[in-house]
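This chain uses plain numbering: 1 for the first residue, then up along the sequence.
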Amino acid sequence: MALKAYLRKEYLARRKRLSAEELAQQSQQIADLFFAHYAPTQGGSVHTFLPIKKHHELDTWLIVRKLWAEFPQTQVVVPVANPVDFSMTHFHLNPDTGLQENRWGIPEPVNSLPVPESEMTTVLVPLLCFDQQGHRVGYGKGFYDRFLALIPASSQKIGLSLTPPVDVIDDAEASDFTLDAVITPEKIYTFS
């Protein structure tokens with residue numbers, strides 16, 4: 001059985017075995033596919049996570065910097081985690097925004113303008129693995145499930161994954177959000 005706890009441990013270990021070169025190459029492939037298929041619209045927003053270096057997360061800075069350079073009318077938004085209630089607030093990120101790492105090693109903006117959930121048009125969702133139905137396994141705190149429940153139904157929910165899907169996550173729950181798509185280094189998986 002493919003249970004979340006097992007998958008979480010297994011895919012964290014797999015990711016840590018990647019070399020810096022492999023991680024950089026796969027991050028670039030994912031960024032290239034994102035811009036080829038989901039280039040942002042004028043005046044929209046792209047909400048993204050910033051990578052936790054110690055967990056070998058893919059480098060979303062490749063996406064952020066290209067948005068700044070080539071899509072200046074697109075708002076880049078990043079989360080700040082609240083460890084008390086596992087909620088997130090969201091802030092505008094520009095090249096001048098100061099960052100500091102939180103207790104989990106996640107870079108978070110300092111003195112930035114808040115952005116309400118209602119303004120999210122595209123959300124890039126972190127994950128450790130996902131299945132053929134569009135369910136994801138994250139770190140297990142539920143931050144993104146709470147957040148995705150608050151954004152407009154029309155918002156695109158796009159996972160970014162270094163690995164292809166597993167067949168099924170056996171303990172996926174009805175409250176778990178299904179992603180619209182997941183971008184891997186090799187291809188894009190879409191879900192209805």
Transitively linked via ILVMFWY side-chain contacts under 4.5 Å: [X] with [Y]?
X	Y	answer
Leu150	Val115	no
Leu128	Tyr6	yes
Trp68	Phe49	yes
Val110	Ile52	no

Give the minimum heavy-atom separation between [X] and [Y], together with the two atoms involved.
X	Y	result
Asn102	Ala81	ND2-CB, 4.3 Å
Pro185	Ser161	CD-O, 3.3 Å
Ser118	Pro152	O-CG, 3.5 Å
Asp180	Ser155	OD2-O, 3.5 Å
Val123	Met120	CG2-CB, 4.1 Å
Pro40	Thr74	CB-OG1, 3.5 Å

Under 3.5 Å: donor-acceptor pair, side chain of Ser45, backbone of Val76:
no

Would the distance check show the side chain of Arg8 and the main-chain N or O of Gly138 forming a donor-acceptor pair, the cut-off being under 3.5 Å?
yes

All side chain to side chain contact (heavy atoms under 4.5 Å, CB included) counterparts of [X], not counting sequence neighbours:
X	value
Gln133	Asp131, His135, Val168
Asn111	none
Glu186	Thr184

Please identify each residue that fulfils salt bridge (Lys or Arg N to Asp or Glu O under 4.0 Å) with Arg14, with sequence neighbours left out.
Glu10

Sorted by chain and number, sequence neighbours left out, salt bridge (Lys or Arg N to Asp or Glu O under 4.0 Å) with Glu101 holds for none

Side-chain heavy-atom pair [X], [Y] within 4.5 angstrom cut-off:
X	Y	value
Tyr11	Leu127	no
Ile30	Leu58	yes
Lys157	Leu148	yes
Val64	Leu93	yes
Thr121	Ile151	no
Leu162	Leu18	yes
Val78	Glu108	no
Leu179	Arg136	yes

Contacts of Asp170 meeting side chain to side chain donor-acceptor pair (under 3.5 Å) (sequence neighbours excluded), chain-then-number -> none

In chain order, what residues pass the side chain to side chain donor-acceptor pair (under 3.5 Å) check against Thr122, with sequence neighbours excluded?
Gln156

Is there a salt bridge (Lys or Arg N to Asp or Glu O under 4.0 Å) between Lys4 and Asp171? Walk through the geometry before answering.
CA-CA 7 Å; Lys4 289 180 189 176; Asp171 55 346; 5.4 Å; no

So side chain to side chain donor-acceptor pair (under 3.5 Å) across residues 46-64, not counting sequence neighbours, yields His47-His90, Glu57-Tyr139

Which pairs pass salt bridge (Lys or Arg N to Asp or Glu O under 4.0 Å) with one or both residues in residues 73-97, sequence neighbours excluded?
none

Quick one: hydrophobic cluster around Val80, which other residues, with the 4.5 Å side-chain cut-off, linked directly or via members?
Phe91

Quick one: ring pair (Phe, Tyr, Trp, His ring centres under 6.0 Å) pairs with a partner in residues 13-46, sequence neighbours left out?
Phe35-Phe71

Pairs touching residues 106-131 that satisfy ring pair (Phe, Tyr, Trp, His ring centres under 6.0 Å), sequence neighbours left out:
Phe130-Tyr189

Distance (rounded to the nearest 0.5 Å) between [X] [atom1] and [Y] [atom2]:
X	Y	atom1	atom2	answer
Leu33	Ile183	CG	CD1	6.5 Å
Phe191	Thr178	CZ	OG1	9.0 Å
Leu23	Gln25	CG	CD	10.5 Å

Paired with Leu160, the side-chain contact (heavy atoms from CB on, under 4.5 Å) test is passed by just one of Val125, Ile63, Val182, namely Ile63

Run the side chain to side chain contact (heavy atoms under 4.5 Å, CB included) test on Arg146 and Met88 for me, step by step, so that the C-alpha distance in whole Å, both residues' side-chain angles and the decisive distance to 0.1 Å come before the verdict.
CA-CA 8 Å; Arg146 288 176 187 83; Met88 296 190 301; over 6 Å; no

